2 protein chains.
Amino acid sequence: MRDSPKDIFKAMGVRMTPQRLEILRILEKCNEHPAAEDVYEKIRERFPSISFDTVYRTLSLFESHGLIKKVHHLAEKTRYDTNMRHHHHFVCVRCKKIIDFTWEGIDKIPAPEKVKEWGKVEDRYVELRGICQDCLKKTGV
Amino acid sequence: MRDSPKDIFKAMGVRMTPQRLEILRILEKCNEHPAAEDVYEKIRERFPSISFDTVYRTLSLFESHGLIKKVHHLAEKTRYDTNMRHHHHFVCVRCKKIIDFTWEGIDKIPAPEKVKEWGKVEDRYVELRGICQDCLKKTGV
DNA sequence: AAGTATATAAGAATTATTCCAATTTCATTC
DNA sequence: GAATGAAATTGGAATAATTCTTATATACTT
């Protein structure tokens with residue numbers, strides 16, 4: 001049983017506006033992984049004068065309340081990797097520190113059959129996300 | 001046995017300039033995952049008048065020759081995920097399509113001890129990268 | 001229904017990155 | 001070793017994604 005939009009907005013403690021409602025509907029219907037621009041193009045069908053800002057603000061709002069999330073952390077700036085051997089990353093979600101590691105155990109497990117049907121898998125990347133020791137020390141959490 | 005800078009640039013078929021040489025040294029020395037700005041700040045110690053453009057151009061050059069790589073594909077625009085359950089992604093490196101999947105087999109394997117020492121791991125994300133069926137059809141490769 | 005805090009629209013501002021044109025420099029030839 | 005021409009650098013303008021600002025409009029409480 002899914003919450004009604006009214007309850008969702010009530011729980012967030014914000015007003016339910018037509019724009020927000022429509023963005024919510026678009027997102028609920030969407031099985032892809034839209035960029036802000038995709039949402040903007042879609043909602044303009046009904047709200048031709050909506051501003052980009054409203055879309056961005058609403059996406060941030062939804063994200064801060066755990067309704068959606070960004071596909072990647074670290075998206076603000078491009079980061080470069082100087083290690084060209086196959087490896088994975090530990091990423092600190094606070095300070096964005098990245099540490100390389102290898103993990104043969106996980107490289108060997110065959111990919112799920114369904115995924116193989118979606119296309120040709122060429123690479124496997126694992127990201128372990130958490131809080132690094134430095135950041136743990138800083139806040140004690 | 002590592003190639004000399006001279007050989008590296010020769011292999012790339014480009015001129016060896018002091019700026020490029022210094023950026024190469026900075027990257028070789030660097031165990032972090034620098035953003036362009038980090039490289040810029042570092043090289044300005046020796047080349048105070050270097051332009052951002054040179055840094056970006058050189059990083060692209062190195063990337064196109066396989067000396068370094070970007071930490072993430074998909075970094076151009078923020079993409080949103082409307083599926084808040086734990087899952088992983090198949091990503092088409094051509095069209096950037098993203099498909100969700102779950103993979104219990106891989107979720108259960110304990111993380112390497114060394115990683116646990118680096119911090120508190122809170123989430124595990126796997127990205128299978130390849131070419132989706134649509135893109136395979138288009139080019140026949 | 002009125003009042004008020006909150007949300008929106010439009011465009012300016014910001015940030016990361018790329019483009020452009022003028023100048024400089026590398027590396028090859030003489 | 002100097003001249004030369006192609007390639008590289010600089011500095012600033014341009015672009016693209018995202019955020020901020022301010023005046024106006026609107027949802028929700030009373």
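We name chains A, B, ... by the order of the sequence lines, and we start the count at 1 in each one. Computed from a predicted structure; not experimentally measured.
For the OP1/OP2 pair of D/dT9 and a distance below 4.0 Å, the side-chain nitrogens and oxygens of B/Ser51 include no atom meeting the criterion. At least one side-chain nitrogen or oxygen of A/Arg57 sits closer than 4.0 Å to the OP1 or OP2 atom of C/dT8. For D/dT10, one of the phosphate oxygens OP1 or OP2 lies less than 4.0 angstrom from a side-chain nitrogen or oxygen of B/Gln19. At least one side-chain nitrogen or oxygen of B/Arg20 sits closer than 4.0 Å to the OP1 or OP2 atom of D/dA8.
Residue A/Arg15 has its side chain nearest to C/dT4 when only D/dG5, C/dT4, D/dT19 are considered.
At a threshold of 4.0 angstrom between heavy atoms, the contacts of B/Thr78 are confined to the sugar-phosphate backbone, with no base atom among them. Within the 4.0 angstrom heavy-atom criterion, only backbone atoms of the sugar-phosphate kind lie near A/Pro18; the bases stay farther away. Residue B/Thr17 is classed as a sugar-phosphate contact, given heavy-atom separations below 4.0 Å to backbone atoms only.
Salt bridge annotation for B/Glu37-A/Lys77: present, with a cationic side-chain nitrogen under 4.0 angstrom from a carboxylate oxygen. B/Glu22 and B/Arg46 are joined by a salt bridge, as a carboxylate oxygen and a charged side-chain nitrogen come within less than 4.0 angstrom of each other. Salt bridge status for B/Lys97 with B/Asp134: present, with a side-chain N to carboxylate O gap under 4.0 Å. We find that A/Glu113 and A/Lys116 are joined by a salt bridge, their nearest charged nitrogen and carboxylate oxygen being less than 4.0 Å apart.
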